[in-house]
Protein chains: 2
Amino acid sequence: MSPIEGNYPKPAVTVDAIVFTIREEQLQVALIKRGIEPFQGSWAIPGGFVRENEALEDAVKRELYEEVGAGGVYLEQLYTFGAPNRDPRGRVITVAYFALVAAENLRELTASTDASEAQWFALPEVPSLAFDHREILDLAVNRLHAKLEYSTIAYALLPPAFSLARLQRVYEIILDRPLDKRNFRKKILSLDLLEPTDQRSGGAHRPATLYVFKANQVTFF
Amino acid sequence: MSPIEGNYPKPAVTVDAIVFTIREEQLQVALIKRGIEPFQGSWAIPGGFVRENEALEDAVKRELYEEVGAGGVYLEQLYTFGAPNRDPRGRVITVAYFALVAAENLRELTASTDASEAQWFALPEVPSLAFDHREILDLAVNRLHAKLEYSTIAYALLPPAFSLARLQRVYEIILDRPLDKRNFRKKILSLDLLEPTDQRSGGAHRPATLYVFKANQVTFF
DNA sequence: ACAAAAGTGTTTAGGTTACACCCATGA
DNA sequence: TCATGGGTGTAACCTAAACACTTTTGT
């Protein structure tokens, strides 16, 4: 196995992930407070360097697990940012992902080696971010909105069995507008992706039918 | 400016571009025959290493100019491929782009330093490709199809002024199915993106009105 | 005058939107 | 029995699809 011919400059490569969840009836994003320079003390997207022989997705999953303790996520590559001066330490190219986690799969946000603190923020409360992370976040929000319309990613924000009302709330929270209940249910059911279970939701009032994703819809994103 | 802390492995970073054009009433893609190992003699997507202080897009444009002599292209980032063993020489992460060039902007394909030959291929004639380039090509074709439906990228394959019939042929060639002439014209004109000029197409028969993109639609992709 | 491409409307079908009331349950 | 969320149908509107003939030009 020959080395790379010539003497090409090698930038550092990181992965970053915008992690979304629905908490407190809001779309929230996980941020970490940087414990080291540059931008020490600033809020930033979780992420880190890619290890040798580590696939990009594996690197993201590792970082997500270490920094926000999130397992069982939907992961999708978002965009690669490589402006020569995006990191003051030198050339760093970052492959950004966006991730969706069901609130049920979250444990408390934990600090890690180079993150002094981790916290969920509703979008309007997101502070100014390190590096070009605001640009990455904006792109992720746009992508989330777009994909919600033509894909089934909303299901990644819910537990395996859920009521149609809860699914509708996910759409309403992300799109930030109310949806008509009858039309929503008609549309979702006409897609023929859901299967009613004989489980019913608990709570104080009339129990709702819980639905699950149909077994033959395994690759649903 | 401090160096990157720790001793992170640094993969090599390349950019590759799937370049599409419409030639001979077909959707064609530019490939180069590799002049060096690995995969010497195989066909591959044009691309190369990113230079220090060079933005990713600038690197793609440089490679495109060097290897396929294509200027004036529409460029869009496609996906970043980073499987640990995708290049036998070692870790190489590639940021793949897809590009659209109007046939009018093409000069003959030229060889460059590490490409012994460059050639256009219609999709059904594409030979087996080096590295994971077939996967990249397939992804680019899918993206092209998808974006054709909801964006205006088709215009990047045409000269500044064009007839509706020619625009329709672009759609038909890429989607590989005939479109209804009246419905197509109605739809395109209803989008209100085009402006008729007083130019008329030449040729043996009834001249067609040529249209241009409206000036206020500068950011049209 | 003929060949070839340009240009033009209407009808039908399907999907999206707007909208209001009864039902089941726990407290 | 009341408060709360679950569950249901229909009419109006709009967009997409199907479909054929006349016009203009060069030869």
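Naming convention: chains lettered A, B, ... in sequence-line order (proteins, then strands); numbering from 1 in each chain. Just so it is clear, the model here is predicted, and its values are computed rather than measured.
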**Study point:** Exercise: do T80(B) and T80(A) side chains pair donor with acceptor under 3.5 Å
**Key:** yes
Check your understanding: Within the pair T209(B) and dG7(C), is there a side-chain N or O less than 4.0 Å away from OP1 or OP2?
Key -> yes
Exercise for review: Applying ring pair (Phe, Tyr, Trp, His ring centres under 6.0 Å), name anything that partners F98(B), two or more places apart in sequence or on another chain.
Suggested key: none
Study note, to complete from the structure: Whole-Å distance, I188(A) CD1 to dG6(D) P, equals 15 Å
Review point. Over how many whole Å does the gap from E25(B) atom CD to dA5(C) atom C1' extend?
Key: 14 Å
Practice item. Residues of residues 171-187 of chain A with any non-hydrogen atom less than 4.0 angstrom from an atom of DNA chain D: list those, numerically ordered, please. Key: K181(A), R182(A), R185(A), K186(A)
Point to revise | Set of salt bridge (charged side-chain N to carboxylate O under 4.0 Å, His left out) partners for E25(A), sequence neighbours left out | key: R169(A)
Practice item. Rounded to the nearest angstrom, tell me the gap between atom CG in L210(B) and atom P in dT25(D). Key: 14 Å
**Study point:** Interatomic distance where CG belongs to L167(A) and P belongs to dG6(D) [whole Å]
**Key:** 12 Å
Exercise for review: Only pairs at least two apart or in different chains count here, so list each ring-ring contact (aromatic ring centres under 6.0 Å, His included) that has a residue in residues 165-192 of chain A.
Suggested key: Y171(A)-F184(A)
Check your understanding: Roughly, in whole Å, what's the span from CD in Q168(B) to P in dA5(C)?
Key -> 13 Å
Review point. Between dT4(D), dA5(C), dG6(D), which one does the side chain of R206(B) approach most closely?
Key: dA5(C)
Check your understanding: In whole angstroms, how far is the C1' atom of dG7(C) from the CG atom of L164(B)?
Key -> 10 Å
Point to revise | R166(B) vs G203(A), nearer the 5' end of DNA chain C by closest nucleotide | key: R166(B)
Check your understanding: Would Y155(A) and F162(A) count as a close aromatic pair, with their ring centres under 6.0 Å?
Key -> yes
Point to revise | Separation of dG7(C) P from R200(B) CZ (nearest whole Å) | key: 8 Å
Check your understanding: Taking for each residue the nucleotide of DNA chain C with the nearest heavy atom, is it A204(A) or P207(B) whose nucleotide lies nearer the 5' end?
Key -> P207(B)
Review point. What residues form a ring pair (Phe, Tyr, Trp, His ring centres under 6.0 Å) with F131(B), not counting sequence neighbours?
Key: F39(B), H133(B)
Review point. Sequence neighbours excluded, which residues qualify as ring pair (Phe, Tyr, Trp, His ring centres under 6.0 Å) partners of Y211(B)?
Key: none
Point to revise | Distance in angstrom units between L191(A) CG and dT16(C) C1', rounded | key: 13 Å
